[in-house]
Amino acid sequence: MSDEFLNVQLLISGKWQDAADGRTLPVHDPATGETIGKIAHASKTDLALAAEGAAKGFEAWRTLTAWDRFVIMRRAANLLRERAESIARIMSREQGKPLAQALAEIDGAAGVIEYFGEEGRRLNDVLVPPRVANVEQRVLHRPVGVVAAFTPWNFPINQIARKLGAALGAGCAVIVKAPEDTPASPAELLRVFLDAGIPAGAVSLVYGDPAEISEYLIAHPVVRKISFTGSTPVGKHLASLAGAQMKPVTMELGGHAPVIVCADADLDAAAERLAAAKFRNAGQVCIAPTRFLLEQSIAPTFVDKFKARMSALKIGRGVDDGVTMGPLVNSRRVKALQELVEDARANGATVWHPDTALPNGGCFFPPTLIQNPDLSMRVMQEEPFGPLAIVSEFTSLTDAVKEANRLPYGLAAYVYTRNERTQRLLGEQVEAGMVAVNHHGIGVPEVPFGGIKDSGYGTEGGPEALRAHTYIKLVSSEQAKADF
Ligand code: NAD
């Protein structure tokens with residue numbers, strides 16, 4: 001059933017609908033290049049209706065109690081779990097990732113929605129003791145309003161779940177501009193909210209021309225906050241549009257994650273976990289480890305172990321049994337990766353791929369290891385966002401930290417060492433929004449998820465993410481003196 005031709009509509013005021021002018025865009029399977037569906041392409045008429053519907057949806061949603069909002073969000077999370085198999089298949093077809101990874105993503109998204117629903121119940125107001133008798137100072141956290149959320153194709157559901165969860169948990173309504181490359185699984189996510197009983201307009205979904213939609217929605221008076229996940233250049237552009245309108249933003253942008261592997265690390269565990277993290281979703285992950293900094297004495301051993309993991313990857317269509325790495329999302333990404341690798345090779349790098357044939361056709365790109373890099377290579381400056389790891393060696397931790405902090409990015413960083421002092425030292429000194437030591441346990445709902453420097457600002461996890469969708473209001477009132 002989920003292998004049908006996909007027909008994705010806009011969600012406006014609680015109703016699924018085609019674009020007012022009937023325009024559509026095709027959806028492709030990146031593993032075959034085949035057209036597998038179509039999506040409605042919103043025009044300004046549709047966007048105006050979406051904004052109007054969201055304003056009404058916000059009134060209906062914010063006036064529910066936090067408990068009632070939680071009940072709907074928990075129901076939505078459970079529906080998502082119930083429908084996981086069929087939604088995972090849709091995601092795998094349109095995005096290319098292996099089914100097991102799609103299922104894990106959906107399960108994670110359900111956990112995020114549930115968490116933010118619960119956290120919304122703890123958005124407590126505060127009474128601040130006054131300096132003057134009979135004055136009561138109440139500090140209130142109130143939902144900021146309608147949020148415009150722009151999300152990318154690498155985690156079609158989880159990227160939306162983080163934005164929807166935090167916004168809805170705080171009592172905001174959301175207009176989602178989901179990725180045109182992977183539109184059908186996001187539509188299924190929005191459907192679970194409708195089926196869970198969310199008021200019409202509290203969640204809306206549009207697709208079309210990303211630049212046209214962001215320009216329109218960011219300037220629209222109904223929209224009070226912008227949340228974006230994607231590349232740093234687009235993030236900076238959207239932040240400047242939002243700045244001109246004095247609207248707050250959450251920006252989750254690119255990364256170029258360093259990994260420091262010390263000589264005392266458990267190298268088997270490091271190679272296994274790092275390979276899993278590197279090649280998950282064919283490396284199209286903002287927190288994927290990319291610059292591998294290996295202590296010189298263990299570098300050859302680690303590289304051998306890592307290559308063995310690369311050789312064990314089974315590359316193919318995400319929906320096929322046993323596949324562990326699918327294609328890239330589109331041919332634009334294949335070309336971008338090819339250019340980075342060619343530039344590295346031309347500048348003297350050693351480029352290694354496992355000896356496995358890639359499937360014919362589609363947007364496949366081999367797992368790639370770049371050795372002997374130097375700083376003149378583009379790949380040492382630009383986020384590859386693909387199944388590509390770069391290996392260099394270090395002899396002092398000071399040099400490793402310097403290299404880790406060299407780039408303007410600061411999203412995730414990884415450290416492998418058994419030494420507790422080194423763990424603490426690197427945890428402090430590496431400039432990143434998230435540092436994981438000896439494992440990859442970042443991304444769970446209750447902890448911060450976000451970057452610094454060019455990787456953005458704000459967080460998409462933990463109570464801070466919810467609070468970023470509220471404004472603070474002081475109500476200070478003088479009470480009449482008791483006359484009894
Ligand atoms: P891109 O910058 O063209 O697009 C990234 C995302 O932003 C897409 O979903 C796209 O629809 C959206 N977008 C682009 N222009 C927009 C605009 N003016 N207004 C609103 N949305 C807009 O990049 P791409 O080629 O699709 O992806 C490659 C790069 O994107 C990667 O190098 C990576 O840095 C970044 N990316 C990051 C994440 C992440 O999780 N942080 C996810 C996907 C892509």
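It should be emphasised that the depicted structure is a prediction, and the values quoted were computed from it without experimental measurement. Just so you know, ligand 1 is whichever comes first in the structure, and atom 1 is the first atom listed for that ligand.
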For ligand 1, which of its N or O atoms have a protein N or O partner closer than 3.5 Å, and how long is each gap?
residue, atom, partner, partner atom, Å
ligand 1, 2 (O), Ser231, OG, 2.5
ligand 1, 19 (N), Pro210, O, 3.3
ligand 1, 19 (N), Ser214, OG, 2.8
ligand 1, 25 (O), Arg332, NH2, 2.8
ligand 1, 26 (O), Trp153, NE1, 2.9
ligand 1, 26 (O), Arg332, NH2, 2.8
ligand 1, 34 (O), Glu383, OE1, 2.2
ligand 1, 40 (O), Asn154, ND2, 3.3
ligand 1, 40 (O), Gln159, NE2, 3.2
ligand 1, 41 (N), Leu253, O, 3.1

Original post:
For Phe449, is the NZ or CZ atom of Arg162 found under 6.0 angstrom from the centre of its six-membered ring and inside 45 degrees of the ring axis?
Top reply: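 Yes - Arg162 lies over the ring of Phe449, closer than 6.0 Å to its centre and within 45° of its axis.
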**OP:** With sequence neighbours left out, write down each residue that passes ring pair (Phe, Tyr, Trp, His ring centres under 6.0 Å) with Tyr216, or none if nothing qualifies.
**Re:**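 With neighbours one apart ignored, the set is His220.
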Original post:
Got a sec, which residues hit ring pair (Phe, Tyr, Trp, His ring centres under 6.0 Å) with Phe116, two or more places apart in sequence or on another chain?
Top reply: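 Here no residue qualifies.
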**OP:** Please say which of Phe292, Trp352, Tyr416 ends up in a ring-ring contact (aromatic ring centres under 6.0 Å, His included) with Phe306.
**Re:**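 Option passing the ring-ring contact (aromatic ring centres under 6.0 Å, His included) with Phe306: Phe292.
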**OP:** Identify the residue among Arg89, Arg93, Glu94 that makes a side-chain hydrogen bond (donor to acceptor under 3.5 Å, both in side chains) with Ser185.
**Re:**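 It is Glu94; the other options fail the test.
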Atom pairs and distances, donor-acceptor, side-chain atoms in residues 146-159, under 3.5 Å, two or more places apart:
residue, atom, partner, partner atom, Å
Asn154, OD1, Gln159, NE2, 2.9
Asn154, ND2, Gln284, O, 3.2

